[in-house]
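Some notes on the structure that comes next.
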Amino acid sequence: MKIWVKRAPTVACAAATCSIALAISACGIGASTDNDAAGAVRAFAAAMERQDAGGAAKYTTAPGQATEALTLTLNGMNAEHLDMAVEKPVEYSDGTASFSLKSTWRWAKDRTFETTSSGTARHLSTGWKVTWEPSIVYPGLPYGGQLREIRTDATPPPTVNSRSGKTFMYLQPVNEIILDPAQTRDLPASARALARTLEPIAPLITAQVISDELKQASGKPITAVTLRDPDMQVLQSNPAAVPGVTVRKTGKLVMADRRLSSPMEPGLTNYWQAIRDATAGWQVQMLGPGLKPRKLAGEQGPAGPDVETTVDQNLQLSLGDAAVEVGQPATIMALDAGTGAILGMAQNSYAIERGINANTPYPVGSTLNPVLAGVDRVANTNQGAAETVLDRLGLGVQFTVPGLSTPTAERPGVQTVDFSPGGASYSMTNMGALGVAMARASAGQMSSVVPYVIKGVPTTVVGGKLGELDGATTGPVLAAMTQTAKTGDASDLTAAPGLKALVGTNGPQGPGWFVGLQGGKVLVIYCEGEKSGTAALQVAQKYFRIK
């Protein structure tokens with residue numbers, strides 16, 4: 001802390017001027033105390049370092065105004081650390097003082113913003129106070145203004161592209177329709193009014209749906225729906241006119257083709273967002289009433305690369321049409337039979353409500369009987385070899401596929417396998433890897449490969465390794481799959497020449513599975529509910545008719 005110095009003529013200690021309160025003078029008086037101007041400014045700076053707006057404001061001449069202004073800036077800057085040093089202090093004999101403040105704002109990733117401002121202090125009946133001016137925070141900061149630190153994103157934003165290079169997903173302005181229970185006196189009436197407003201574009205967002213979401217939110221605001229700008233033009237009234245409703249403008253990664261939807265969207269968005277985060281910049285701005293934000297500091301690097309995927313948009317549309325064939329949860333995934341590339345994934349609204357995904361293991365029941373029977377034969381002679389076979393078939397491992405799955409600590413992997421019917425559980429990704437392994441073996445490629453969806457980005461495999469396949473294991477399985485398609489449960493399927501399939505359920509209440517090899521593709525279908533095996537076959541039939 002700088003020592004305070006009184007600017008006064010040099011006089012003898014006995015002179016009358018020694019009666020003036022001096023921090024240091026020829027009279028030999030020591031450093032300033034908390035009762036002088038230095039103490040007030042030090043206290044102000046210390047409170048600012050604690051980011052305590054009210055605590056700093058009480059050392060000013062206008063605590064109310066200062067509290068409001070300092071709160072805006074401290075919240076807007078949201079610094080991890082703030083260092084504020086008092087420099088060049090000068091106290092005058094007329095009851096005023098001047099000083100400078102050197103402020104250093106610090107954030108993560110070694111981001112800093114330094115500024116030097118000046119101010120004055122006055123001796124009032126209540127003691128020394130810092131004369132409140134916004135310029136104490138930053139030179140030229142107007143009344144009603146503030147500083148803020150914001151994230152900046154590189155432009156143009158990356159797109160998510162299909163295997164052909166065509167845009168599959170892209171960032172677009174959207175409108176979040178938010179209902180806050182705390183901002184309306186009659187919540188049921190607001191829910192009904194909002195549902196009526198949204199009906200022209202979102203008829204499924206009923207008053208009951210909104211009420212159910214509010215109940216689950218336990219008094220917190222909910223986003224009833226997110227609409228693109230063209231959707232807002234369809235509405236006959238402004239949702240913001242409903243008590244408790246606000247419309248928040250933001251950006252969202254959305255499908256370029258509005259007919260498409262996919263359970264891959266969260267995974268692709270997560271990977272896309274990681275690129276945005278890695279290329280994000282920062283900026284400190286000064287804002288004021290009626291003024292454009294003014295950049296004071298910051299930096300921004302170049303934009304990140306686009307996300308190149310293996311998704312086939314036309315096939316994705318076919319998968320979506322097939323998934324809605326049945327009135328129970330149905331999810332369908334297609335993979336390239338030679339490479340393991342995931343070509344698309346779709347599900348109906350029932351599956352969305354159930355939260356079905358590509359990563360969670362589900363019971364396979366009798367579906368894999370031909371496969372597990374072959375592994376069982378190996379297990380009778382060599383347990384270690386059986387585990388290796390399962391791994392190489394893609395069943396004994398856990399996949400984390402960038403763009404498809406988001407790893408979580410709670411997500412269970414495949415630990416052990418019970419060879420009895422109905423004893424094993426596998427994810428759709430496991431079943432897809434198995435299908436690709438069988439397809440490659442059928443084509444004479446005796447090795448398995450991992451599923452993937454983002455070109456050039458490897459899939460993580462935990463619990464074992466894929467690799468060389470044994471014809472003694474794959475041969476009987478392929479024969480059983482051919483028989484199932486010719487005379488078995490899949491024999492009624494049409495428009496699928498050369499089909500090989502595994503079909504089965506985990507009992508009358510399901511779930512039911514279909515794993516098919518046809519036309520250079522692997523098709524995995526998972527259905528839940530009563531007669532789910534039949535439902536899976538219905539979805540498959542719809543796919544083969546429209547593909």
Side-chain angles (χ1 to χ4, degrees), residues 41 44-45 47-57 59-88 98-121 130-157 171-176 229 246-252 273 276-304:
V41 179
F44 174 86
M48 287 293 290
E49 290 185 331
R50 298 192 304 271
Q51 302 194 45
D52 177 5
Y59 294 103
T60 71
T61 56
Q65 294 180 24
T67 296
E68 182 178 353
L70 294 176
T71 297
L72 285 175
T73 286
L74 288 173
N75 289 344
M77 294 292 272
N78 193 29
E80 291 189 358
H81 301 285
L82 170 59
D83 299 319
M84 186 171 283
V86 180
E87 295 185 338
K88 299 179 182 178
S98 64
F99 60 88
S100 295
L101 292 175
K102 182 177 180 180
S103 303
T104 305
W105 306 79
R106 305 181 190 276
W107 300 270
K109 300 181 180 180
D110 297 325
R111 291 174 293 158
T112 61
F113 172 59
E114 293 185 355
T115 180
T116 299
S117 56
S118 60
T120 62
V130 174
T131 306
W132 171 245
E133 294 283 349
S135 57
I136 297 172
V137 177
Y138 183 80
L141 182 66
Y143 279 93
Q146 69 170 106
L147 301 183
R148 71 177 181 185
E149 189 270 342
I150 62 170
R151 167 186 169 133
T152 59
D153 285 304
T155 56
L171 182 67
Q172 185 177 27
V174 296
N175 304 269
E176 294 180 342
D229 285 346
T246 57
V247 178
R248 182 170 63 191
K249 287 275 189 180
T250 186
K252 184 180 180 181
Q273 187 62 53
R276 292 276 277 176
D277 292 344
T279 58
W282 65 284
Q283 191 174 113
V284 174
Q285 296 179 336
M286 181 170 71
L287 288 75
L291 301 177
K292 292 182 178 180
R294 173 186 163 194
K295 177 183 175 180
L296 304 178
E299 58 183 23
Q300 174 62 65

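Throughout, numbering of the chain's residues begins at 1 and tracks the sequence.
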Original post:
Heavy atoms, side chains only, cut-off 4.5 Å: are Phe44 and Val86 in contact?
Top reply: no
**OP:** Decide yes or no for Arg50 and Leu74: does some side-chain heavy atom of the first lie under 4.5 Å from some side-chain heavy atom of the second?
**Re:** no
Donor-acceptor contacts under 3.5 Å from residues 133-143 side chains, at least two apart:
from	atom 1	to	atom 2	distance (Å)
Glu133	OE1	Tyr143	OH	3.1

**OP:** Give a yes-or-no answer on whether the side chains of Thr152 and Gln283 include a donor-acceptor pair shorter than 3.5 Å.
**Re:** no
Subject >> Leu171 CG to Lys252 NZ distance, which is reported to the nearest 0.5 Å >> reply: 11.5 Å
Original post:
Can you tell if the side chain of Phe99 reaches within under 4.5 Å of the side chain of Lys88, non-hydrogen atoms only?
Top reply: no
Original post:
Between the side chains of Thr131 and Thr120, is a donor N or O closer than 3.5 angstrom to an acceptor N or O?
Top reply: yes
**OP:** Would you sort out whether Lys249 and Asn175 count as a side-chain contact (heavy atoms from CB on, under 4.5 Å), showing the intermediate values?
**Re:** CA-CA 5 Å; Lys249 287 275 189 180; Asn175 304 269; 3.0 Å; yes
Subject >> Contacts of type side chain to side chain contact (heavy atoms under 4.5 Å, CB included), residue Glu176, not counting sequence neighbours >> reply: Ile178, Thr223, Thr226, Arg248, Thr250
Subject >> Main-chain N/O of Leu70 paired with Thr73 side-chain donor or acceptor, under 3.5 Å >> reply: no
Original post:
Taking the side chain from Gln146 and the backbone from Leu72, do they hold a donor-acceptor pair closer than 3.5 Å?
Top reply: yes
**OP:** Could you pull out all residues at least two apart from Arg294 that satisfy salt bridge (charged side-chain N to carboxylate O under 4.0 Å, His left out)?
**Re:** none
Subject >> Side chain Trp107, main chain Met77, donor-acceptor under 3.5 Å >> reply: yes
